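Given the structure is predicted, the values throughout are model-derived calculations rather than measurements.
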Amino acid sequence: MRKHKDPASAAEVMNRAASASRGTDNWAQIAISLKLSELAENWQSFAGPALARKSMPSSFSCGKEEMTLTVNVTDHAVLTSARFRTAQLRRNVSAFFGTDVKIEMKVGAVKYLSHAKPPLPAYKRRAPIVLNEDDIRDESEKFKTFGVSSDLADKMARVKLSLEKIIQRRQ
């Protein structure tokens, strides 16, 4: 579990979270949002591998006296077993925020973070195939000699020139 890097007093955390929820302190909103995204990103270390596969934080609210994290679980069977782990989860999340955080669990939609591969860096992406209009016109004329319509001849010329450029790239 990751510990809070900048330990603040419980009162300070509560005040910042309360002002963030009222919309009066933009920096507090950003700070709380970053903490919540870090919590969601590292959910497995807070909840444990078994519970993390079937749960995810869904909402966060802050009143004058307490902060509440709502955790959605996939079904009632998981909810029943997850309630036995609520105390441990509360300790982990409270240590992360530096103040006491109430944990509420309910059955609801569990949206997992994407594990899709990031896009390739620009230097590894293929450059687009650029075709010269004069070359397309010349190839199109060759196809027209075989009795192909001009529209089809243009398309076939583009395909032929594109394939030739791709073959040249691979050599």
Distance in Å, W43 CH2 paired with L89 CG, rounded so as to fall on 0.5 Å steps: 4.5 Å

Which atom pairs, donor and acceptor, lie under 3.5 Å between side-chain atoms of residues 160-171 and protein residues at least two apart or in another chain?
{"unit_1": "K160", "atom_1": "NZ", "unit_2": "E139", "atom_2": "OE1", "d": "2.9"}
{"unit_1": "S162", "atom_1": "OG", "unit_2": "R158", "atom_2": "O", "d": "2.8"}
{"unit_1": "K165", "atom_1": "NZ", "unit_2": "V130", "atom_2": "O", "d": "2.6"}
{"unit_1": "R169", "atom_1": "NH1", "unit_2": "A127", "atom_2": "O", "d": "3.0"}
{"unit_1": "R169", "atom_1": "NH2", "unit_2": "A127", "atom_2": "O", "d": "2.7"}
{"unit_1": "R169", "atom_1": "NH2", "unit_2": "P128", "atom_2": "O", "d": "3.3"}

Common cluster, V71/V107, ILVMFWY with side-chain heavy-atom separation under 4.5 Å: yes

Hey, does the side chain of S94 reach the backbone of R91 with a donor-acceptor pair shorter than 3.5 angstrom? no

What I'd like to find out is whether the side chain of K106 reaches to under 4.5 Å of the side chain of N72, using heavy atoms alone. yes

With respect to T74, which candidate in R53, M56, K54 satisfies the side chain to side chain contact (heavy atoms under 4.5 Å, CB included) definition? K54

Spacing of OG belonging to S61 relative to CG belonging to L69, to within rounding of 0.5 Å: 9.0 Å

Kindly give the heavy-atom pair with the smallest separation between S55 and V73, and that separation in Å. CB-CG1, 3.8 Å

Which donor-acceptor pairs under 3.5 Å do side chains of residues 143-157 form with protein atoms, sequence neighbours excluded?
{"unit_1": "T145", "atom_1": "OG1", "unit_2": "K142", "atom_2": "O", "d": "2.4"}
{"unit_1": "S149", "atom_1": "OG", "unit_2": "L152", "atom_2": "N", "d": "3.3"}
{"unit_1": "D154", "atom_1": "OD1", "unit_2": "S140", "atom_2": "OG", "d": "2.6"}

Once rounded to the nearest 0.5 Å, what's the spacing between atom OG1 of T68 and atom NZ of K102? 5.5 Å

Spell out, as yes or no, whether a donor-acceptor pair under 3.5 Å connects the side chain of T70 to the backbone of S58. no

Spatial distance of atom CG (L36) from atom CD (E41) [nearest 0.5 Å]: 12.5 Å

Nearest non-hydrogen partners of M105 and T86, listed with the distance: CE-OG1, 4.0 Å

How close do A47 and A52 get, counting heavy atoms only, and between which atoms? CB-N, 4.2 Å

On the 0 to 90° scale, with breaks at 30° and 60°, tag the F97-F60 ring pair as parallel, tilted or perpendicular. parallel

If I take atom CZ from residue R90 and atom CD1 from residue I103, how far apart are they, to the nearest 0.5 angstrom? 7.5 Å

